[in-house]
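Below: one structure, written as structure tokens.
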Amino acid sequence: MNAGHDPHAAHAHHDMSDPRLAATMEADMRRRFWIALALGIPAVLYTPMAGHMLGVRLPTPFGVRSDWITLLFATPVALWCSSVFHIGAWRSIRSGVLNMSVLVSLGILVSYVFSLGLTFFAPGQETFYEAAVMLAVFLLFGHWMEMRARRGSSDAVRALLDLAPQQAVVERGGQLVTVAVDDVVVGDVLVLRPGDKVAVDGVVLDGATAIDESMITGESLPVAKATGDAVIAGTIGQSGSLRYRATKVGGETALAQIVAMVERAQSSKAPAQRLADRAAHYLVLLAVGSGVATFAVWYFVAREPLLLALTFAVSAIVIACPDALGLATPTAVMVATDMGAKRGVLFKEAVSLELAARIQAVIIDKTGTLTEGRPRVTDVVALDGTSEDELLRLEAAAEVRSGHPLAKAILDEAERRGLAVPTDVEAFASIAGLGVRAMVGGRDVLVGTQRLLEQNGVPLAGLREAADRLLAEGKTLMLVAVDGQPAGVVAAADPIRPTAQAAVHGLQALGIDVVMMTGDNRHTAEAVARHVGITRVLAEVLPADKAGEVERLQAEGTFVAMVGDGVNDAPALAQADLGIAIGAGTDVAVEAGDIVLMHSDPADILMAIRLSKATVRKMRQNLFWAAIYNVVAIPIAAGLLYRPLGILLRPEFGALAMSASSITVVSNALLLRRARL
């Protein structure tokens, strides 16, 4: 929710997707607020209301009337600082819409203009410039806070585009030429060297390498590529090199298609419904109607003096102006976003905080979200005649020159066990997609897949039982053979985050359906799902299909949140009713998400939802009290108790009552800090 009005009504002609323009607009709003606050303090201190409260009147220089001093300070606030509301109100009226901008502008201008008339034509009468000033200061602050939250909404798309390399190595006329990626055409033959990014989508002609596709697939293990395999723009070559033919360039590449999906999903996402805005039309009519009716009754029916009738009328309009209503939601939002930020949960927009309370289903990406995204050795099974430590020493020595994540897991495990890794390694060879081979201390060591051992005539009978058991647990296997004989098997897995299971159970306790989605194989996916307590699994989902899976769940009438950390998750994050990005993931996922979990802790999903629910409760309470205030205060301001009890709600006390209602709302919002998350 916003501050009870259209936060960009005065800037409707600007493109908020331009980050420089968005920064300029935020700076302008910040400047308006601080100027309004600096001028508003003396404007309030020189009013009769402050005198009644403090029991002392501030001295005026050179005997100038206090209302002239107040006028001096209040004028820039009411006219320039508040011009965003006035322009927004004018545009709304021209379009035939009565929104909160109209009501805010009306409250500020009526109180200011009426006080101005009293200053010039009724010297000595008490004015209430402070009503205009306080209303402007409170709402400018809420406006500024929301603009800060809305900045950079297009960064997801720009971050995606930044993944693509700017140059490519192409074969032209029998020579290798470096050209701009934009100059590559379908059919060109390109060369990928270790460490280079794939320039465009293509198919491998010759050569072999392992490519890190984690920025597209979200999976941590590199994928072996050989003749006939497809390569994707933006992915990174590791060991080895290859030649590939361009099949898709420009806007046709997979990366460009992901960008298009993010843009499409973002543009189709509907804003949250805002109770204050829905009521604005009626509040405008109520405020104006109250003022006109009050003046008519007192002047034409009761035959009271013109000044008294005008005082009642303006008091009714000012009281009807929703200072408390305008603060009802932004104060709760400010407290909640501060609480979240201190706990590592960032709500990118106020509406995200409101929407989280409506979540009915959460789709959680596996790798990097439920798991840590870094494989570790979990099991070492050595056959008779070889110890676990000896098996690890030989495997670590063979893998020491490999850059594969599984090799790193082996080396890390050897270091953890304090093993001395042999350094007399010769004839090292990396076999793309299969494993490695090396001579370690004169012994022939093979490490890799079942296919690698079979190709080298290694009998696998002794390894099958352990391998089948570990595969059933969803683990990745590295089979080891020494001198042509099976020596053992080492299993690795991506560890499940310690808080994942508790987070899933907590979400289910709130009645939220939890779904796991991954590009990994179903065997591994279901093993992780069983461990954390998830029963619905979407496995082997391609990057381009993830947003579609979200859409299918939405088609069931479910309010869906997506939790992910990779580039492949960005379209799904944007398609979901609410995107929750793991902060340790890619910048793209963080920018595409509506909520960012900076600690990369699944338990923070639960905390974010609980905070949202507590905040929405406070919003509703504040809206209720603000509405009750209007229902009670407007009749009193209109003079309902003047004849029977002689009670006249003078302008300064009307402004004080308005401030009291605001204080009530703010205090109630501060109680949100006691919420148990």
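Position 1 is the first residue of the sequence, and the numbers go up from there. Everything quoted here is computed from the prediction, not taken from an experiment.
There is a side-chain donor-acceptor pair under 3.5 Å between T499 and D601. Side-chain atoms of D513 and Q360 include no donor-acceptor pair closer than 3.5 Å.
For T235 (side chain) and I211 (main-chain N/O), no donor-acceptor pair under 3.5 Å exists by modelled atom type.
The residues E388 and R417 are annotated as salt-bridged, a charged nitrogen and a carboxylate oxygen being separated by less than 4.0 angstrom. The pair R437-D444 meets the salt-bridge criterion, with a side-chain N (NZ, NE, NH1 or NH2) lying under 4.0 Å from an Asp/Glu carboxylate O. Ion pairing of R416 with E413 is present here, as a side-chain N (NZ or NE/NH1/NH2) and a carboxylate O approach within less than 4.0 Å. The pair R358-E354 does not count as a salt bridge, with every side-chain nitrogen at least 4.0 angstrom from each carboxylate oxygen. We find that K546 and D365 are joined by a salt bridge, their nearest charged nitrogen and carboxylate oxygen being less than 4.0 Å apart. Under the 4.0 Å criterion applied to side-chain N and carboxylate O atoms, E390 and R443 are assigned as salt-bridge partners.
Here the side chains of V489 and V480 are not in contact, with every heavy-atom distance at 4.5 Å or above. Counting only heavy atoms from C-beta outward, the side chains of V362 and V515 never approach each other to under 4.5 Å. You'll find the side chain of E252 stays beyond 4.5 Å of the side chain of D201, heavy atoms only. Using a 4.5 Å heavy-atom threshold, the side chains of D196 and I236 count as separate.
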